[in-house]
Amino acid sequence: MGLLSRYMCERTQGTRHAIVIDPADQTPDVAANRALAAANAGSQMILVGGSSDTDMENVHATIVSIKEALELVTWASSQDSDSDENPSQIPIVLFPQGAAALSPAADGITFMMLMNSKDPRFLIGEQVRGAPFVKKSGIEPVPMGYLICEPGGKAGEVGKADLIGYDDHERVAAYSIAAEFLGFRLLYLEAGSGSQHPVNPELIKTARDSCELPIIVGGGIRDAKSARAAAESGADWIITGNITEEYDDASELQAVLTDLIEGIR
Ligand code: 1GP
């Protein structure tokens, strides 16, 4: 297992928080400021990707910009012996819509199968298309099962997902077991970015009880309360995207994320 897989799949660290930055929604500079605010608030990973309008160019520019900003802060904090911030340890990980939105500058990639897609493109097609690039660039692939639950949002539409129903415990359990049997290292339960409600916490519990895989949960989590509900149900990672884009002021964003992250610890 590579370094990034070990970092992402460690289950003994309690619930951790990551942000997802969509390069289609912001300039690389804005993305870097938001990533910095998240790092300072205690986020432990930056995912980069989106369901549409991302390409090699905007993904790469965004990752390079975030990387430079985090490195600069690392340098500054290394000059200050009292500081315990070390954002350089926060990995920047591709969370791609497909093989046409990758970058060699990332630390790794969630190499995923949208398990409940009805389209072979998202089950195996994009993976085959992107695998040579990942191999050549040397970025670490972290095998991940990706399951889209109701309401599903754009990710559900674009990915042609046969959505997991709000209360469909039987199906989520079966997929969780299959994800483990297929050798994935992580299982991501997605409600869709900007969704009206997050994944049902009871469904998270079922997934957690059905397999040994670390569980990532995202979509529609906009406050400390829903983040805590997901954490208490067994989520190892909580992902937020949209709330990151609601604040142009970095200190305001940092305060909101700090509150959310404290809620899941
Ligand atoms: C995207 O689940 C994440 O995969 C983020 O969702 O934008 O609703 O936080 P939100």
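First listed ligand is number 1; within each ligand, the first listed atom is number 1.
- Some N or O of Tyr188 is nearer than 3.5 Å to an N or O of ligand 1, by distance alone.
- Under a 4.0 Å criterion applied to the non-hydrogen atoms of Thr240, ligand 1 contributes the atoms 9 (O).
- Between Phe95 and Tyr188, the distance from one ring center to the other falls under 6.0 angstrom.
- Between the side chain of Asp249 and the backbone N or O of Glu252, at least one donor-acceptor pair lies under 3.5 Å.
- Between Gly220 and ligand 1, an N or O atom pair is found at a separation short of 3.5 Å.
- Those atoms of ligand 1 with a heavy atom of Asn242 less than 4.0 angstrom away are 7 (O), 9 (O), 10 (P).
- Residue nearest to atom 7 (O) of ligand 1, selected from Gly50, Ala18, Ser193: Ser193 (by heavy-atom distance).
- Contacts of Val20 with ligand 1, taken as heavy-atom pairs under 4.0 Å, involve the side chain alone.
- Here the side chains of Thr206 and Ile204 are not in contact, with every heavy-atom distance at 4.5 Å or above.
- Among all protein heavy atoms, the one lying closest to atom 9 (O) of ligand 1 is Gly241 N, 2.7 Å.
- Neither the backbone nor the side chain of Arg222 has a heavy atom within less than 4.0 Å of ligand 1.
- The shortest N/O to N/O separation between Ile239 and ligand 1 does not fall below 3.5 Å.
- Close contacts between ligand 1 and Gly218 involve ligand atoms 2 (O) [criterion: under 4.0 Å to a heavy atom].
- Protein heavy atom in closest approach to atom 4 (O) of ligand 1: Glu190 OE1, 2.3 Å.
- No donor-acceptor pair closer than 3.5 Å links the side chain of Ser65 to the backbone N or O of Ala61.
- Between Lys205 and Glu232 no salt bridge is recorded (no basic side-chain N to carboxylate O distance below 4.0 Å).
- Close contacts between ligand 1 and Gly219 involve ligand atoms 2 (O), 3 (C), 5 (C), 6 (O), 8 (O) [criterion: under 4.0 Å to a heavy atom].
- Considering only heavy atoms from C-beta on, Glu190 stays 4.5 Å or farther from Leu147 through its side chain.
- Here CG of Asn242 is found 12.0 Å from CD1 of Ile221. Values are rounded to the nearest 0.5 Å.
- The minimum heavy-atom distance between Ser5 and Pro141, with the atom names listed, is OG-O, 4.1 Å.
- Annotation: Tyr146 places no N or O atom under 3.5 Å from an N or O atom of ligand 1; distance criterion only.
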